[in-house]
Amino acid sequence: MREGAVSTALVAGDQLLREGLKQLSEVIGLRTIAEAPTLAELIEAPEEGESPSLVILLDWPAANPEFQETIKRFRKRYPAARLVVLTESADPRPLLEALNAGVDGYLHRNMSSAALLHSIRLVMLGEAVFPGKLAVRLLGGEGRMPAAAPAGGNVSGLSPRETDILILLAEGQPNKVIANKLGTTEATVKVQLRRILRKIGVQNRTQAAIWALGHLGKAESPGTGTLQ
């Protein structure tokens, strides 16, 4: 990642935390071009030079409906940027809030630098990345789907293969892994995903993952046993 390093903005209220993350970012090949205590302040700051292609937000403000509007403003200001949340929380409800707001990655801070780098690479490739353990807790009924979460579609209208793809998507698996597990090609998975999105009435793979978490909690994960 050092060649053409990803231009990154760091958002955290704790300056020491920002400095520590900045040092780590340099180690794994990210290039920090901006810092701010809050996402709102990053959005409002005058632009100097290039825009960040990745924004790392340290912690998600749970149960704050106004933050959804901040995310919309962020997308308007930086339409091409990816947004990754790093959190200490093990509560699955903020995960649902973050996914519903359209974040690109939701990661727990208790991870190695190598795992962080791998997750960021997936995010920059367009994948939605979130912790499998939190997804399992959601499937176990500890989280509740917010009212704004996609809820259209009919499970019985999905083919067995489409259901398998959704289950793996809800686990946070990228298209390449889904294709390997199902013995097909990545191109075929992409075509099937587009058809799935139309069937369940959602716009993107993140919304599809939220839909799957709410509708396929008892389903079997292909090749790995059950999701619970």
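Here CD of Glu66 is found 13.0 Å from CD1 of Ile71. Values are rounded to the nearest 0.5 Å. In this structure, the separation between CD1 on Ile120 and OG on Ser113 is 10.5 Å, given to the nearest 0.5 Å. Within the model, atoms CG of Leu30 and CG of Leu24 stand 8.0 Å from one another, a figure rounded to the nearest 0.5 Å. Remark: Ile56 CD1 to Lys22 NZ distance equals 13.0 Å, nearest 0.5 Å. Separating the OG1 atom in Thr70 from the CG atom in Leu57 is a distance of 10.0 Å, to the nearest 0.5 Å. To the nearest 0.5 angstrom, Leu86 atom CG is 10.0 Å from His108 atom NE2.
The side-chain heavy atoms of Leu107 and Thr87, taken from C-beta on, include no pair separated by under 4.5 Å. Counting only heavy atoms from C-beta outward, the side chains of Leu17 and Arg109 approach each other to under 4.5 Å. Residues Ser159 and Gln192 have side chains not in contact (no heavy-atom distance under 4.5 Å, counting atoms from C-beta outward). Using a 4.5 Å cut-off on side-chain heavy atoms (C-beta onward), Tyr106 and Val84 make no contact.
In the hydrophobic clustering of this structure, Leu10 groups with Met124; members are Ile, Leu, Val, Met, Phe, Trp, Tyr whose side-chain heavy atoms approach within less than 4.5 Å, directly or through other members. Hydrophobic clustering places Leu169 together with Leu197 (ILVMFWY residues linked when any side-chain heavy atoms are closer than 4.5 Å, directly or through intermediates). Under the 4.5 Å side-chain heavy-atom criterion for ILVMFWY residues, no single connected hydrophobic cluster contains both Val177 and Ile165. Ile28 and Val129 fall within the same hydrophobic cluster, where Ile, Leu, Val, Met, Phe, Trp and Tyr residues are linked whenever their side-chain heavy atoms come under 4.5 Å apart, directly or through other members. Following chains of ILVMFWY side-chain contacts shorter than 4.5 Å, one cannot reach Leu125 starting from Val189, and the two form parts of different hydrophobic clusters.
Looking only at distances, a side-chain donor or acceptor of Asp104 sits under 3.5 Å from a matching main-chain atom of Leu83. At distances below 3.5 Å, at least one donor-acceptor pair connects side-chain atoms of Ser53 with backbone N or O atoms of Ser7. Here the side chain of Arg75 pairs a donor or acceptor atom with the backbone of Ala81 at under 3.5 angstrom. In terms of modelled atom types and a separation under 3.5 Å, the side chain of Ser119 and the main chain of Leu117 share no donor-acceptor contact. Although no hydrogens or angles enter the test, the distance criterion places no donor-acceptor pair under 3.5 Å between the side chain of Thr188 and the main chain of Thr184.
The heavy-atom pair separating Thr8 from Pro52 by the smallest distance is C-CB, 4.2 Å. The two atoms that bring Gly29 and Ala5 nearest to each other are O-CB, 3.1 Å, heavy atoms only. Leu166 and Ala208 make their closest contact through CD2-O, 3.8 Å (heavy atoms, listed as atom of the first residue, atom of the second, distance). Counting all heavy atoms, side chain and backbone alike, Leu158 lies closest to Lys199 at CD2-CD, 4.0 Å. The minimum heavy-atom distance linking Asn175 with Lys190 is given by the pair ND2-CG, 3.5 Å.
Glu26 has no carboxylate O lying under 4.0 Å from a charged side-chain N of Arg31, or vice versa, which leaves the two without a salt bridge.
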Determine, stepwise, if the pair Val85 / Trp60 fulfils side-chain contact (heavy atoms from CB on, under 4.5 Å).
CA-CA 7 Å; Val85 177; Trp60 178 264; 3.9 Å; yes
Evaluation steps, side-chain contact (heavy atoms from CB on, under 4.5 Å), between Val55 and Arg82
CA-CA 6 Å; Val55 174; Arg82 302 287 181 179; over 6 Å; no
Should Glu186 and Lys176 be marked as a salt bridge (Lys or Arg N to Asp or Glu O under 4.0 Å) after you check the CA-CA gap, both sets of side-chain angles, and the distance that decides it?
CA-CA 5 Å; Glu186 194 171 352; Lys176 183 176 182 179; over 6 Å; no
What's the verdict on side-chain contact (heavy atoms from CB on, under 4.5 Å) for Arg198 and Arg195, showing C-alpha distance, side-chain angles and the deciding distance?
CA-CA 5 Å; Arg198 290 196 299 270; Arg195 184 165 58 245; 3.9 Å; yes
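Checked by atom type, the side-chain pair Gln15/Glu19 shows a donor-acceptor distance below 3.5 Å.
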